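Start at 1 with the first residue, then count along the sequence. The figures here come from the full heavy-atom set of this structure, side chains too, leaving out hydrogens, waters and symmetry mates. The structure displayed is predicted, hence computed values, not measured ones.
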Amino acid sequence: MTTSKGGGAADKGGAGNGGDAERAEKASKADNGRRTRASGGGPAAARGGGTPAAPAGRPAPGAPLTPGRVGMYALLLVTGILLAFAGTLLQAAWFPGGLLLALAGMVGLFYGGSRATGTVGGVLVPGAAWLVTVFLLLSDVRPEGDFLFGPGIGSYAFLLGGIVIAVICATGSQVRATGVSPGRVGG
């Protein structure tokens, strides 16, 4: 089995991939390192792999659930529920400062959850727990007409701000998970 220009088995589509590797090497040398989207260029193609590798210290995107990861998700779930209760009371008690403190707590939980687990689930689990708890608190109206959320702007800012923060953190963790480097679009 030869890989010479004379027509070895590898060049004719035989069992080996020697011809394919040589052609790819020649194409990359002729390309002088310039890659386009159509050629499949980018960090993964430059390394020789088809899919980008997970950053160091991070689990792979499809990593299996381990007992530690399940425990982390359970902790994030409970923390999301507690943050919903605390934020509901805090934003109403001290209006401008309490609202900012509650929103800062959500940023810390959602961003910290994504960094701790290395997955989008680190944002989705506490975000869903927070959202469900807040809407359960909204629907709990007593016969006297009392409920935890007042009719002011602070309640609406807390609800919409929490949703926006969760979406931003989930989107940011997806970008980190795929290994997209910040830079010029199309360049």
Side-chain angles (χ1 to χ4, degrees), residues 37 42-47 49-140 147-187:
R37 276 189 213 173
R47 287 189 304 264
T51 59
R58 290 274 169 96
L65 286 176
T66 61
R69 184 170 293 161
V70 170
M72 179 65 76
Y73 287 142
L75 181 67
L76 289 171
L77 180 93
V78 170
T79 308
I81 292 170
L82 292 175
L83 187 67
F85 278 110
T88 299
L89 297 174
L90 189 63
Q91 61 87 20
W94 303 306
F95 170 59
L99 175 64
L100 293 175
L101 189 59
L103 292 175
M106 284 188 279
V107 168
L109 176 65
F110 299 154
Y111 182 74
S114 73
R115 297 295 288 189
T117 61
T119 63
V120 180
V123 177
L124 296 180
V125 169
W130 177 85
L131 189 65
V132 168
T133 304
V134 165
F135 281 113
L136 286 176
L137 291 173
L138 270 176
S139 66
D140 186 30
F147 58 100
L148 291 174
F149 286 98
I153 189 75
S155 298
Y156 296 115
F158 177 69
L159 294 171
L160 292 176
I163 293 170
V164 167
I165 289 169
V167 168
I168 289 171
C169 289
T171 304
S173 67
Q174 281 181 340
V175 169
R176 280 192 311 273
T178 58
V180 175
S181 60
R184 225 176 59 186
V185 177

query = Can you name the closest pair of heavy atoms from V123 and S114 and give their distance?
reply = CG2-CB, 3.3 Å
Donor-acceptor contacts under 3.5 Å from residues 77-86 side chains, at least two apart:
{"unit_1": "T79", "atom_1": "OG1", "unit_2": "L75", "atom_2": "O", "d": "2.7"}

query = Should M106 and L109 be marked as a side-chain contact (heavy atoms from CB on, under 4.5 Å) after you check the CA-CA gap, both sets of side-chain angles, and the distance that decides it?
reply = CA-CA 5 Å; M106 284 188 279; L109 176 65; 5.7 Å; no
Please tabulate, for the side chains in residues 92-102, all donor-acceptor contacts under 3.5 angstrom to protein atoms that are two or more places apart in sequence or on a different chain.
none

message = Taking the side chain as everything from C-beta on, heavy atoms only, tell me whether V125 gets closer than 4.5 Å to T117.
response =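 With C-beta onward as the side chain, the pair stays apart.
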Show me the donor-acceptor pairs, under 3.5 Å and distance only, between side chains in residues 152-164 and residues at least two apart or in other chains.
{"unit_1": "S155", "atom_1": "OG", "unit_2": "G150", "atom_2": "N", "d": "3.4"}
{"unit_1": "S155", "atom_1": "OG", "unit_2": "G150", "atom_2": "O", "d": "2.9"}

